[in-house]
Amino acid sequence: MPFPSTEARGSLSELITQGIVAADRLPMPTPVPNVPGYKDIETHGTTVIAVKYKDGLINVADRRATAGYTIMYDQAEKVLALDDHTLISISGSFAKSIEVVRYLRHTFKYFERSQLQPMSMEGKLMELQRVIANNMPAALQGIGAFIPVLSTFDTEENQGRIYFYDAMGGQFETAEYGAAGSGSGPIRGAFEYILRTKGPFREMDRNTALKETITLLEIAADLDTATGGSAKFLPAAKYITADGIHDFTDDEIKTALGRA
């Protein structure tokens, strides 16, 4: 392929499409033509939340997946395990998110088997950053964008950690909570209200933290049309401790919703 002309002009997305900017690690998605309605064929996930509590971390998510203004599915799984102590909560393109989860699971396991030791936490974080950054061309086209929240229990430091990201792979660690998806914006102030009136999440017991987190998810569902409520199906809810990843029971979730 001839070297691109230095006379090229246009937006960054156009340059990426023409091959001026290319990633050399993961295969880039095939550009999708700008045809009317093409964004509506992609299925999206919506609101995911992660908070710390005194013994670990809690992750919750609604179960709705949408394509444009259509509800595609109300039992989507958006809180997924990457290894024994790491959960990724996905928002954005559901298909791309599942592809990334499968890739990361394979990468972590391959490293462990080939190097005879688990990949370090720093290595796992760098791998996720790289995948998000390499997906930027698709995100700039308006398709294939996904924004995760990563929760992991650091067994060396004996504490939970939460990381969130921007579309370019920028990584940020949060001391209390992380949220992503279309419903996360409307409830951002509610997190701060809880911190100022009820104290830090990291000092709450598991049931109290779950109740506050599920309440925030219900508020997001009320304020965001793309976030599913709990009337038909209970939200997904998992927690991580030093012992690993656990599922909340339906009864625990119903109690947090005030339906016990």
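Separating the NZ atom in Lys52 from the OG1 atom in Thr213 is a distance of 13.5 Å, to the nearest 0.5 Å.
Between Val131 and Tyr103, the closest side-chain pair of non-hydrogen atoms falls below 4.5 Å. Using a 4.5 Å heavy-atom threshold, the side chains of Thr66 and Phe94 count as separate.
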Would you give me the side-chain donor-acceptor pairs under 3.5 Å for residues 112-119, sequence neighbours excluded?
residue: Ser114; atom: OG; partner: Tyr110; partner atom: O; Å: 2.8
residue: Ser114; atom: OG; partner: Phe111; partner atom: O; Å: 3.3

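Taking Phe108 as the reference, nothing meets the ring pair (Phe, Tyr, Trp, His ring centres under 6.0 Å) condition, with sequence neighbours excluded. Among residues two or more places apart in sequence or in another chain, the side chain to side chain donor-acceptor pair (under 3.5 Å) test is passed with Glu99 by Lys96. With sequence neighbours left out, Ser120 forms a side chain to side chain donor-acceptor pair (under 3.5 Å) with no residue at all. Applying the ring pair (Phe, Tyr, Trp, His ring centres under 6.0 Å) criterion to Tyr193, with sequence neighbours excluded, gives no partner residue. With sequence neighbours left out, Thr208 forms a side chain to side chain donor-acceptor pair (under 3.5 Å) with Asp205. Every residue two or more places apart in sequence or in another chain that forms a side chain to side chain donor-acceptor pair (under 3.5 Å) with Asp247 is listed here: Lys238.
Thr227 places no side-chain N or O within 3.5 Å of a backbone atom of Ala221 that could act as its donor or acceptor partner.
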Subject >> Stepwise side chain to side chain donor-acceptor pair (under 3.5 Å) test for Arg259 and Ser230 >> reply: CA-CA 11 Å; Arg259 299 179 189 171; Ser230 60; 2.5 Å; yes
Original post:
Run the side chain to side chain donor-acceptor pair (under 3.5 Å) check on Thr46 and Asp62 step by step: do they pass?
Top reply: CA-CA 7 Å; Thr46 46; Asp62 77 303; 2.8 Å; yes
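Cluster partners of Leu217, by chain and number: Ile49, Val51, Tyr53, Ile58, Val60, Tyr177, Ile187, Phe191, Ile194, Leu195, Phe201, Met204, Leu210, Ile214, Leu216, Ile219, Leu223, Leu234, Tyr239, Phe248, Ile253, Leu257. The rule joins Ile, Leu, Val, Met, Phe, Trp and Tyr whenever side-chain heavy atoms lie under 4.5 Å apart.
Residue pairs meeting the salt bridge (Lys or Arg N to Asp or Glu O under 4.0 Å) criterion with at least one partner in residues 79-92, sequence neighbours excluded, are Asp83-Lys124. The list of salt bridge (Lys or Arg N to Asp or Glu O under 4.0 Å) pairs with a residue in residues 162-183, not counting sequence neighbours, reads Arg161-Glu173, Glu176-Arg202. Here salt bridge (Lys or Arg N to Asp or Glu O under 4.0 Å) pairs that include residues 218-237, with residues two or more places apart or in two chains, are Asp74-Lys232. Within the structure, every pair that satisfies the salt bridge (Lys or Arg N to Asp or Glu O under 4.0 Å) test and touches residues 183-200, not counting sequence neighbours, is listed here: Lys198-Glu212.
Inspection of the Gln171 and Tyr163 side chains reveals no N or O donor paired with an N or O acceptor under 3.5 Å.
For the side-chain contact (heavy atoms from CB on, under 4.5 Å) with Leu87, the lone residue among Ile162, Ile245, Val149 that qualifies is Ile245.
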